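Contents: one structure, followed by commentary.
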Amino acid sequence: MPELPEVQTVVTTLIPTVVGRRVTRVQLRRRDILTPPHLDFAATLRNRKVSDITRRGKRIIFLLESAERFFIHLGMTGRLTVERTDAPIQPHTHLLIDLSPAREKLQLRFRDQRRFGGIFWIGRGRADENIGPEPLLIRPSQLSRRLLKTTRAIKTALLDQTVIAGLGNIYVDEALFAARIHPLTRACDITPSQLSRLCRAIKLTLRRALRHRGSTLRDYVDANGSTGRFQNLHRVYDRAAHPCHTCKTPIARLVLGGRSTHFCPRCQPRRQSRRIL
DNA sequence: GTCCATGTTCTTTA
DNA sequence: CTAAAGAACATGGA
(Lines give C-alpha, C1' and ligand atoms only; values in the text may rest on other atoms or scores of the structure.)
Protein backbone atom coordinates (compact mmCIF):
# COMPACT_ATOMS: atom_id res chain seq x y z
CA MET A 1 0.00 0.00 0.00
CA PRO A 2 2.67 2.41 0.73
CA GLU A 3 4.58 4.57 -1.65
CA LEU A 4 6.12 7.92 -0.84
CA PRO A 5 2.86 9.89 -0.34
CA GLU A 6 1.37 7.26 1.96
CA VAL A 7 4.60 6.76 3.91
CA GLN A 8 5.08 10.51 4.31
CA THR A 9 1.49 10.90 5.51
CA VAL A 10 2.08 8.21 8.13
CA VAL A 11 5.21 10.05 9.30
CA THR A 12 3.40 13.39 9.41
CA THR A 13 0.59 11.92 11.51
CA LEU A 14 2.93 9.95 13.78
CA ILE A 15 5.09 12.92 14.75
CA PRO A 16 2.67 14.88 16.96
CA THR A 17 1.60 11.81 18.95
CA VAL A 18 4.88 9.92 19.22
CA VAL A 19 7.88 12.26 19.16
CA GLY A 20 9.04 13.23 22.64
CA ARG A 21 7.50 10.20 24.30
CA ARG A 22 9.38 7.40 25.96
CA VAL A 23 8.96 3.68 25.26
CA THR A 24 7.64 1.99 28.39
CA ARG A 25 6.90 -1.47 27.06
CA VAL A 26 7.52 -3.42 23.84
CA GLN A 27 5.73 -6.53 22.62
CA LEU A 28 7.24 -8.12 19.52
CA ARG A 29 4.85 -10.92 18.71
CA ARG A 30 6.74 -12.33 15.72
CA ARG A 31 10.47 -12.51 15.44
CA ASP A 32 10.51 -13.03 11.67
CA ILE A 33 9.68 -9.40 10.93
CA LEU A 34 12.85 -8.17 12.63
CA THR A 35 16.28 -7.62 11.07
CA PRO A 36 18.63 -8.75 12.51
CA PRO A 37 16.41 -11.57 13.75
CA HIS A 38 18.26 -12.35 16.99
CA LEU A 39 18.34 -8.82 18.37
CA ASP A 40 16.49 -8.34 21.66
CA PHE A 41 14.43 -5.52 20.21
CA ALA A 42 12.20 -5.12 23.27
CA ALA A 43 15.12 -4.73 25.66
CA THR A 44 16.96 -2.45 23.26
CA LEU A 45 14.02 -0.08 22.91
CA ARG A 46 12.76 -0.01 26.48
CA ASN A 47 13.03 3.36 28.23
CA ARG A 48 14.29 5.04 25.08
CA LYS A 49 12.82 8.35 24.06
CA VAL A 50 11.75 8.93 20.46
CA SER A 51 13.40 12.17 19.41
CA ASP A 52 12.32 12.28 15.76
CA ILE A 53 10.58 10.38 12.97
CA THR A 54 11.62 10.90 9.36
CA ARG A 55 11.21 9.28 5.97
CA ARG A 56 13.75 8.11 3.41
CA GLY A 57 12.22 6.53 0.30
CA LYS A 58 9.54 4.21 1.67
CA ARG A 59 11.28 3.79 5.02
CA ILE A 60 9.92 5.27 8.24
CA ILE A 61 12.95 6.10 10.37
CA PHE A 62 12.74 6.41 14.14
CA LEU A 63 15.50 8.39 15.79
CA LEU A 64 16.03 7.72 19.49
CA GLU A 65 17.50 10.08 22.03
CA SER A 66 20.38 7.61 22.32
CA ALA A 67 21.26 8.50 18.68
CA GLU A 68 20.29 4.98 17.67
CA ARG A 69 17.87 4.44 14.81
CA PHE A 70 15.62 1.81 13.34
CA PHE A 71 13.20 1.89 10.45
CA ILE A 72 9.92 0.27 9.59
CA HIS A 73 9.01 -0.66 6.04
CA LEU A 74 5.30 -1.16 5.42
CA GLY A 75 5.77 -3.62 2.55
CA MET A 76 2.46 -4.12 0.79
CA THR A 77 -0.08 -4.30 3.62
CA GLY A 78 1.70 -2.76 6.62
CA ARG A 79 -0.05 -0.25 8.88
CA LEU A 80 1.49 1.84 11.59
CA THR A 81 -1.06 3.40 13.91
CA VAL A 82 -1.30 4.96 17.34
CA GLU A 83 -4.17 3.55 19.37
CA ARG A 84 -5.35 3.37 22.95
CA THR A 85 -3.81 0.47 24.85
CA ASP A 86 -7.33 -0.82 25.61
CA ALA A 87 -8.44 -0.78 21.95
CA PRO A 88 -9.00 -4.26 20.53
CA ILE A 89 -5.91 -5.72 18.88
CA GLN A 90 -6.54 -6.42 15.22
CA PRO A 91 -5.30 -9.63 13.53
CA HIS A 92 -1.70 -9.60 12.23
CA THR A 93 -0.55 -7.02 14.76
CA HIS A 94 3.13 -7.92 15.17
CA LEU A 95 4.48 -5.10 17.31
CA LEU A 96 3.01 -3.02 20.15
CA ILE A 97 4.93 -0.19 21.78
CA ASP A 98 3.51 1.50 24.89
CA LEU A 99 4.34 5.19 25.16
CA SER A 100 4.75 7.46 28.16
CA PRO A 101 3.02 8.90 30.08
CA ALA A 102 1.13 5.80 31.22
CA ARG A 103 -2.05 7.73 32.02
CA GLU A 104 -2.49 8.62 28.33
CA LYS A 105 -2.52 4.90 27.41
CA LEU A 106 -1.07 5.38 23.93
CA GLN A 107 0.32 2.50 21.95
CA LEU A 108 2.13 2.44 18.62
CA ARG A 109 1.06 -0.63 16.65
CA PHE A 110 2.50 -2.28 13.56
CA ARG A 111 0.18 -4.58 11.69
CA ASP A 112 1.04 -6.36 8.45
CA GLN A 113 -1.12 -9.08 7.00
CA ARG A 114 1.20 -10.26 4.21
CA ARG A 115 4.39 -9.63 6.18
CA PHE A 116 6.34 -8.16 3.27
CA GLY A 117 7.16 -5.29 5.60
CA GLY A 118 9.41 -5.34 8.65
CA ILE A 119 11.46 -3.67 11.34
CA PHE A 120 15.11 -2.95 10.62
CA TRP A 121 17.52 -2.02 13.37
CA ILE A 122 20.22 0.41 12.24
CA GLY A 123 21.85 1.40 15.54
CA ARG A 124 24.35 4.25 15.47
CA GLY A 125 26.01 3.15 12.24
CA ARG A 126 24.94 4.54 8.93
CA ALA A 127 22.05 2.99 7.06
CA ASP A 128 23.00 1.22 3.85
CA GLU A 129 22.67 3.94 1.29
CA ASN A 130 21.94 1.50 -1.54
CA ILE A 131 18.97 3.67 -2.18
CA GLY A 132 18.45 6.31 -4.84
CA PRO A 133 17.77 10.04 -4.45
CA GLU A 134 14.55 11.50 -3.08
CA PRO A 135 12.08 12.14 -5.91
CA LEU A 136 10.91 15.47 -4.48
CA LEU A 137 14.48 16.78 -4.47
CA ILE A 138 16.01 15.09 -7.51
CA ARG A 139 17.38 17.28 -10.30
CA PRO A 140 16.87 16.39 -13.97
CA SER A 141 20.62 15.91 -14.51
CA GLN A 142 20.71 13.44 -11.64
CA LEU A 143 17.73 11.48 -12.94
CA SER A 144 19.18 11.51 -16.43
CA ARG A 145 22.51 10.11 -15.29
CA ARG A 146 20.74 7.21 -13.59
CA LEU A 147 18.37 6.42 -16.43
CA LEU A 148 21.06 6.43 -19.09
CA LYS A 149 22.78 3.52 -17.39
CA THR A 150 20.05 1.01 -18.17
CA THR A 151 18.24 -0.41 -21.18
CA ARG A 152 15.27 -1.51 -19.09
CA ALA A 153 11.82 -0.06 -19.71
CA ILE A 154 11.38 3.33 -18.06
CA LYS A 155 8.55 1.92 -15.94
CA THR A 156 10.82 -0.81 -14.54
CA ALA A 157 13.70 1.60 -13.95
CA LEU A 158 11.52 4.03 -11.97
CA LEU A 159 10.30 1.18 -9.76
CA ASP A 160 13.91 0.34 -8.88
CA GLN A 161 14.56 1.91 -5.46
CA THR A 162 18.27 2.21 -6.19
CA VAL A 163 17.48 4.44 -9.19
CA ILE A 164 15.01 6.69 -7.36
CA ALA A 165 13.58 6.04 -3.89
CA GLY A 166 9.90 6.13 -3.00
CA LEU A 167 7.99 5.49 -6.21
CA GLY A 168 5.84 2.37 -6.58
CA ASN A 169 3.41 0.95 -9.08
CA ILE A 170 0.71 3.61 -8.68
CA TYR A 171 2.86 6.73 -8.86
CA VAL A 172 5.12 5.49 -11.65
CA ASP A 173 2.08 4.90 -13.85
CA GLU A 174 0.60 8.28 -12.87
CA ALA A 175 3.87 10.16 -13.41
CA LEU A 176 4.49 8.55 -16.82
CA PHE A 177 0.99 9.57 -17.87
CA ALA A 178 1.56 13.13 -16.69
CA ALA A 179 4.86 13.18 -18.60
CA ARG A 180 3.23 11.61 -21.70
CA ILE A 181 5.84 8.84 -21.86
CA HIS A 182 5.06 5.29 -22.95
CA PRO A 183 5.98 2.87 -20.13
CA LEU A 184 7.90 0.55 -22.48
CA THR A 185 10.29 3.30 -23.63
CA ARG A 186 13.84 2.20 -22.86
CA ALA A 187 15.18 4.29 -19.98
CA CYS A 188 18.33 5.15 -21.94
CA ASP A 189 16.23 6.36 -24.89
CA ILE A 190 14.47 9.10 -22.93
CA THR A 191 14.96 12.38 -24.79
CA PRO A 192 15.95 15.62 -23.00
CA SER A 193 12.45 17.06 -23.33
CA GLN A 194 10.89 13.84 -22.03
CA LEU A 195 13.32 13.86 -19.14
CA SER A 196 12.43 17.38 -18.16
CA ARG A 197 8.72 16.56 -18.33
CA LEU A 198 9.28 13.37 -16.33
CA CYS A 199 11.17 15.11 -13.55
CA ARG A 200 8.41 17.70 -13.24
CA ALA A 201 5.65 15.08 -13.54
CA ILE A 202 7.10 12.99 -10.71
CA LYS A 203 7.16 15.95 -8.35
CA LEU A 204 3.77 17.27 -9.41
CA THR A 205 2.13 13.85 -9.05
CA LEU A 206 3.68 13.22 -5.62
CA ARG A 207 2.75 16.67 -4.31
CA ARG A 208 -0.83 16.28 -5.43
CA ALA A 209 -0.99 12.84 -3.82
CA LEU A 210 0.48 14.25 -0.61
CA ARG A 211 -2.10 17.02 -0.56
CA HIS A 212 -4.78 14.30 -0.72
CA ARG A 213 -3.05 12.19 1.95
CA GLY A 214 -2.13 9.29 -0.32
CA SER A 215 -4.17 6.58 -2.05
CA THR A 216 -6.19 3.98 -0.18
CA LEU A 217 -6.82 0.95 -2.38
CA ARG A 218 -7.49 -1.49 0.39
CA ASP A 219 -5.39 -1.35 3.55
CA TYR A 220 -3.70 2.00 3.73
CA VAL A 221 -4.46 4.29 6.66
CA ASP A 222 -2.37 6.99 8.34
CA ALA A 223 -1.30 6.86 11.99
CA ASN A 224 -4.74 8.08 13.07
CA GLY A 225 -6.57 5.46 11.04
CA SER A 226 -7.72 7.87 8.31
CA THR A 227 -7.76 6.73 4.68
CA GLY A 228 -6.31 8.67 1.75
CA ARG A 229 -8.36 10.31 -1.01
CA PHE A 230 -6.00 10.38 -3.97
CA GLN A 231 -7.32 7.07 -5.40
CA ASN A 232 -10.28 9.08 -6.71
CA LEU A 233 -7.92 11.24 -8.74
CA HIS A 234 -5.89 8.50 -10.44
CA ARG A 235 -5.72 9.12 -14.18
CA VAL A 236 -4.54 5.68 -15.29
CA TYR A 237 -3.78 3.37 -12.35
CA ASP A 238 -6.44 0.63 -12.12
CA ARG A 239 -8.47 2.38 -14.83
CA ALA A 240 -7.99 -0.15 -17.66
CA ALA A 241 -10.70 0.25 -20.34
CA HIS A 242 -11.98 3.47 -18.79
CA PRO A 243 -11.78 6.59 -20.96
CA CYS A 244 -8.66 8.73 -20.69
CA HIS A 245 -9.42 12.00 -18.89
CA THR A 246 -7.62 13.90 -21.64
CA CYS A 247 -8.63 12.20 -24.91
CA LYS A 248 -11.32 9.61 -24.05
CA THR A 249 -9.24 6.76 -25.50
CA PRO A 250 -9.64 3.62 -23.36
CA ILE A 251 -6.77 3.19 -20.89
CA ALA A 252 -4.60 0.19 -21.77
CA ARG A 253 -3.10 -2.35 -19.40
CA LEU A 254 -0.03 -4.52 -19.87
CA VAL A 255 2.14 -6.59 -17.60
CA LEU A 256 5.72 -5.43 -17.20
CA GLY A 257 8.13 -7.06 -14.82
CA GLY A 258 5.20 -8.88 -13.30
CA ARG A 259 3.46 -5.63 -12.42
CA SER A 260 0.32 -4.34 -14.10
CA THR A 261 0.99 -1.16 -16.00
CA HIS A 262 -1.65 1.34 -17.06
CA PHE A 263 -1.31 4.02 -19.73
CA CYS A 264 -3.15 5.93 -22.41
CA PRO A 265 -2.03 4.66 -25.84
CA ARG A 266 -2.85 8.01 -27.42
CA CYS A 267 -1.42 10.44 -24.84
CA GLN A 268 1.62 8.23 -24.26
CA PRO A 269 2.74 7.19 -27.75
CA ARG A 270 5.73 4.91 -28.17
CA ARG A 271 7.60 7.52 -30.17
CA GLN A 272 7.46 11.22 -29.58
CA SER A 273 5.19 12.75 -32.16
CA ARG A 274 7.35 14.80 -34.45
CA ARG A 275 6.42 18.28 -35.35
CA ILE A 276 4.92 18.57 -38.83
CA LEU A 277 6.97 20.98 -40.89
C1' DG B 1 -10.22 -24.06 -7.76
C1' DT B 2 -7.99 -19.38 -10.37
C1' DC B 3 -6.02 -14.88 -10.63
C1' DC B 4 -4.69 -10.71 -8.60
C1' DA B 5 -2.75 -7.27 -5.17
C1' DT B 6 0.36 -0.35 -3.14
C1' DG B 7 7.06 -4.41 -2.44
C1' DT B 8 11.58 -6.41 -2.15
C1' DT B 9 14.97 -9.96 -2.76
C1' DC B 10 16.81 -14.15 -4.30
C1' DT B 11 17.63 -17.13 -8.34
C1' DT B 12 17.90 -18.09 -13.07
C1' DT B 13 18.81 -16.81 -17.70
C1' DA B 14 21.03 -14.43 -21.42
C1' DC C 1 31.54 -11.25 -15.29
C1' DT C 2 26.99 -8.31 -15.44
C1' DA C 3 22.29 -7.02 -16.48
C1' DA C 4 17.77 -8.28 -16.91
C1' DA C 5 13.92 -11.35 -16.35
C1' DG C 6 11.36 -14.33 -13.37
C1' DA C 7 10.11 -16.60 -9.21
C1' DA C 8 9.41 -16.42 -4.47
C1' DC C 9 7.76 -14.66 -0.23
C1' DA C 10 2.33 -14.75 2.80
C1' DT C 11 -2.38 -13.73 2.93
C1' DG C 12 -6.91 -12.83 1.54
C1' DG C 13 -10.44 -10.96 -1.73
C1' DA C 14 -12.96 -11.27 -6.13
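None of these values were measured; they are calculated from a predicted model.
- No side-chain heavy atom of A:D52 sits under 4.5 Å from any side-chain heavy atom of A:I61.
- Side-chain contact between A:L176 and A:T185: absent, with no pair of heavy atoms (C-beta onward) separated by less than 4.5 Å.
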Table of protein N/O atoms under 3.5 Å from nucleotides 6-8 of chain C N/O atoms:
none

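- Counting to the nearest Å, the C1' atom of B:dG7 and the OH atom of A:Y171 are 15 Å from each other.
- For B:dT8, the OP1/OP2 oxygens have a side-chain nitrogen or oxygen of A:Q161 closer than 4.0 Å.
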For every nucleotide of nucleotides 9-14 of chain B, 5' to 3': is a protein heavy atom under 4.0 Å from its base (B), only from its sugar-phosphate (S), or from neither (-)? ------
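- OP1 or OP2 of B:dA5 has at least one side-chain nitrogen or oxygen of A:R253 nearer than 4.0 Å.
- Applying the side chain to side chain donor-acceptor pair (under 3.5 Å) criterion to A:K58, with sequence neighbours excluded, gives no partner residue.
- Taking a 6.0 Å sphere around CZ of A:R124, one finds it holds more than 12 heavy atoms contributed by other residues, nucleotides or ligands.
- Between A:R259 and A:L159, the closest side-chain pair of non-hydrogen atoms falls below 4.5 Å.
- Taking the side chain to side chain contact (heavy atoms under 4.5 Å, CB included) definition, one finds that A:P250 meets it with nothing, sequence neighbours left out.
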Which donor-acceptor pairs under 3.5 Å do side chains of residues 233-244 of chain A form with protein atoms, sequence neighbours excluded?
from: A:H234; atom 1: NE2; to: A:S215; atom 2: OG; distance (Å): 2.8
from: A:R239; atom 1: NH1; to: A:R235; atom 2: O; distance (Å): 2.8
from: A:R239; atom 1: NH1; to: A:P243; atom 2: O; distance (Å): 3.3
from: A:R239; atom 1: NH2; to: A:P243; atom 2: O; distance (Å): 3.0
from: A:H242; atom 1: ND1; to: A:R239; atom 2: O; distance (Å): 3.3
from: A:H242; atom 1: ND1; to: A:A240; atom 2: O; distance (Å): 3.3

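- A:R180 places no side-chain N or O within donor-acceptor distance of the main-chain N or O of A:L198, the cut-off being under 3.5 Å.
- Near-neighbour residues of DNA chain C inside residues 148-157 of chain A, defined by a heavy atom below 4.0 Å, number-ordered: A:T150, A:T151, A:R152.
- The CZ-C1' distance, from A:R146 to C:dA3, rounds to 17 Å in whole Å.
- Rounded to an integer number of Å, the gap from A:Q231 CD to B:dA5 P is 17 Å.
- Note: CG (A:L256) to C1' (C:dA4) measures 12 Å, nearest angstrom.
- A:R55 and A:E134 are joined by a salt bridge, as a carboxylate oxygen and a charged side-chain nitrogen come within less than 4.0 angstrom of each other.
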Pairing string, 5' to 3', for DNA chain B - Watson-Crick or wobble contacts under 3.5 Å, brackets [ ] where pairs cross, | to another strand: .||||.||||||||
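- At whole-Å resolution of the value, CG in A:D160 and C1' in B:dT8 are 11 Å apart.
- Put simply, CG on A:D112 is 13 Å from C1' on B:dA5, counting in whole angstrom units.
- Spacing between B:dT8 and C:dG13 at atom C1', rounded to whole Å, works out to 22 Å.
- Sequence neighbours left out, the pairs with a member in residues 100-113 of chain A that pass side chain to side chain donor-acceptor pair (under 3.5 Å) are A:R21-A:E104, A:T77-A:D112, A:E83-A:R109, A:D98-A:Q107, A:Q107-A:R109.
- Remark: A:R31 engages no residue in a salt bridge (charged side-chain N to carboxylate O under 4.0 Å, His left out) (not counting sequence neighbours).
- Side-chain contact check for A:R114 versus A:D219: every heavy-atom pair is 4.5 Å or farther apart.
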What N/O pairs connect the protein and nucleotides 9-14 of chain C at under 3.5 Å? Give each pair on its own line.
from: C:dA10; atom 1: O4'; to: A:R114; atom 2: O; distance (Å): 3.2
from: C:dA10; atom 1: O3'; to: A:R115; atom 2: NH2; distance (Å): 2.6
from: C:dA10; atom 1: N1; to: A:R114; atom 2: NE; distance (Å): 3.1
from: C:dA10; atom 1: N1; to: A:R114; atom 2: NH2; distance (Å): 2.6
from: C:dA10; atom 1: N3; to: A:R114; atom 2: NE; distance (Å): 3.2
from: C:dT11; atom 1: OP1; to: A:R115; atom 2: NH2; distance (Å): 2.1
from: C:dG12; atom 1: OP1; to: A:H92; atom 2: NE2; distance (Å): 3.1
from: C:dG12; atom 1: O4'; to: A:Q113; atom 2: OE1; distance (Å): 3.4
from: C:dG13; atom 1: O4'; to: A:R218; atom 2: NH2; distance (Å): 3.0

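- Side chains of A:V221 and A:T216 form no contact here, defined as non-hydrogen atoms less than 4.5 Å apart.
- At a threshold of 4.5 Å between non-hydrogen side-chain atoms, the residues A:L206 and A:L136 count as touching.
- With sequence neighbours excluded, the residues that form a side chain to side chain contact (heavy atoms under 4.5 Å, CB included) with A:N224 are A:T13, A:D222, A:S226.
- What separates OH of A:Y237 from P of B:dC4 is a distance of 13 Å, to the nearest Å.
- Comparing B:dT9 with C:dG12, their C1' atoms are spaced 22 Å from each other, to the whole Å.
- The CG-P distance, from A:N130 to B:dG7, rounds to 19 Å in whole Å.
- With respect to A:R208 and A:E174, no salt bridge is recorded, no charged nitrogen being found less than 4.0 Å from a carboxylate O.
- A:A252 pairs by the side chain to side chain contact (heavy atoms under 4.5 Å, CB included) definition with A:F263, A:P265, not counting sequence neighbours.
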